[in-house]
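What follows is a single structure, written as C-alpha cells, with notes after it.
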Amino acid sequence: MAPRQPGIPTEGELEILGALWRLGPATVREVLHDLQRAREIGYTTVLKQMQIMFEKKLLERDESVRPQIYTTVRSEKQVQKKLVGDLLDRAFHGSPGNLILQALSTKRASQEERRRIRELLDRLEGESG
C-alpha cells in the first residue's frame, strides 16, 4: 500500500473542515459549538487541532482581529478530490474502475446519483470516441 499523500486531513481535521464549510469563516468557539451538536468535545482540543491545521496549511487565520477568524484553504470539492486520489493510489492500485465498482457494491446509489453517473460515463465515452 502506498503511503498517505501529504496534505490529507485526518478524521478529526475533516470534522473541523466540515464545520468551517458549513459555517464559513469562524472562530474556534463557533467551530466548537458546531461540533458539539454531534459529540462532546472540549474547547482546548478544538483550539489545538485548529492551530495544527493552520501550521499544516489546511486553514488560514485572520490574526488582525480578536478572536481570530479561521477559514479553509481548500474547498470541500478540492479536499474530496485529494482524498479520493489518495484512496485510489493506496487501496486500488490507481484503478478508478475498481474503486467505483467497490463503492457501488458497498452502498446503494440513489436514482439521482445513478443518473449523474450515467451522464458522466456518456460524456467520457463521447470524449474518447
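Computed from a predicted structure; not experimentally measured.
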Checklist entry - Does atom CD of Glu63 have more than 12 heavy-atom neighbours, drawn from other residues, nucleotides or ligands, at distances under 6.0 Å? => result yes
Item to check | Heavy-atom closest contact (Leu104 atom, Ala109 atom, distance) | outcome: CD2-CB, 4.0 Å
Item to check | Glu40 side, atom CD; Thr45 side, atom OG1 - distance, nearest 0.5 Å | outcome: 10.0 Å
Item to check | Straight-line distance of Leu58 CG to Thr10 OG1, nearest 0.5 Å | outcome: 8.5 Å
Next on the checklist: Working to the nearest 0.5 angstrom, can you tell me the gap between Arg118 CZ and Arg116 CZ?
Outcome noted: 13.0 Å
Item to check | same_hphob_cluster(Ile117, Leu101) at 4.5 Å side-chain heavy-atom cutoff | outcome: no
Next on the checklist: Please determine whether side chain to side chain contact (heavy atoms under 4.5 Å, CB included) holds for the pair Glu127 and Leu124, giving the CA-CA distance in whole Å, both sets of side-chain angles, and the decisive distance to 0.1 Å.
Outcome noted: CA-CA 5 Å; Glu127 290 173 2; Leu124 292 172; 3.9 Å; yes
Next on the checklist: Tell me whether Trp21 shares a hydrophobic cluster with Val73, the cluster being built from Ile, Leu, Val, Met, Phe, Trp, Tyr side chains joined at under 4.5 Å.
Outcome noted: no
Item to check | Single-linkage hydrophobic cluster Ile41~Leu17, side-chain heavy atoms < 4.5 angstrom | outcome: yes
Item to check | Nearest heavy-atom neighbours spanning Ser110 and Glu113 | outcome: N-OE1, 2.7 Å
Checklist entry - Can you check side chain to side chain contact (heavy atoms under 4.5 Å, CB included) on Arg29 and Tyr43, steps first, answer last? => result CA-CA 7 Å; Arg29 191 155 307 281; Tyr43 178 85; 3.7 Å; yes
Checklist entry - Does any non-hydrogen side-chain atom of Val28 lie less than 4.5 Å from one of Pro67? => result no
Item to check | Residues Arg123, Glu119: salt bridge by 4.0 Å N-O rule | outcome: no
Item to check | Sub-4.5 Å side-chain heavy-atom contact between Thr72 and Pro25 | outcome: no
Next on the checklist: Determine whether Phe92 and Leu87 satisfy the following criterion, side chain to side chain contact (heavy atoms under 4.5 Å, CB included), listing intermediate values before the conclusion.
Outcome noted: CA-CA 7 Å; Phe92 294 93; Leu87 180 63; 4.1 Å; yes
Checklist entry - Going through the distances and angles, do Thr27 and Ile69 end up as a side chain to side chain contact (heavy atoms under 4.5 Å, CB included)? => result CA-CA 5 Å; Thr27 66; Ile69 305 290; 3.6 Å; yes
Item to check | Atom of Leu35, atom of Glu15 and distance for their closest heavy-atom approach | outcome: CD2-O, 3.5 Å
Checklist entry - Quick check: does any side chain N or O of Gln102 sit under 3.5 Å from a backbone N or O of Leu99, one acting as donor and the other as acceptor? => result no
Item to check | Rounded distance (nearest 0.5 Å) linking atom NZ of Lys56 with atom CE of Met53 | outcome: 7.5 Å
Item to check | Reference residue Leu20; test side-chain contact (heavy atoms from CB on, under 4.5 Å); the match among Thr71, Leu59, Asp34 | outcome: Leu59
Next on the checklist: Nearest 0.5 angstrom please: Arg61 CZ to Gln68 CD, how far?
Outcome noted: 5.0 Å
Checklist entry - What closest approach, in Å, do Leu23 and Glu30 show between heavy atoms, and which atom pair accounts for it? => result CD1-O, 3.7 Å
Checklist entry - Under a single-linkage definition using a 4.5 Å side-chain heavy-atom cutoff for Ile, Leu, Val, Met, Phe, Trp and Tyr, are Ile52 and Leu32 assigned to the same hydrophobic cluster? => result no
Checklist outcome for this item: Nearest heavy-atom contact between Pro9 and Leu83 is CD-CD2, 4.2 Å
Checklist outcome for this item: Here the pair of heavy atoms bringing Arg74 nearest to Lys57 is NH1-O, 3.9 Å
Checklist entry - To the nearest 0.5 Å, what is the distance between CZ (Phe54) and CD (Glu60)? => result 8.5 Å
Next on the checklist: Are Ile16 and Leu47 linked, directly or through intermediate hydrophobic residues, by side-chain heavy-atom contacts shorter than 4.5 Å (ILVMFWY only)?
Outcome noted: yes
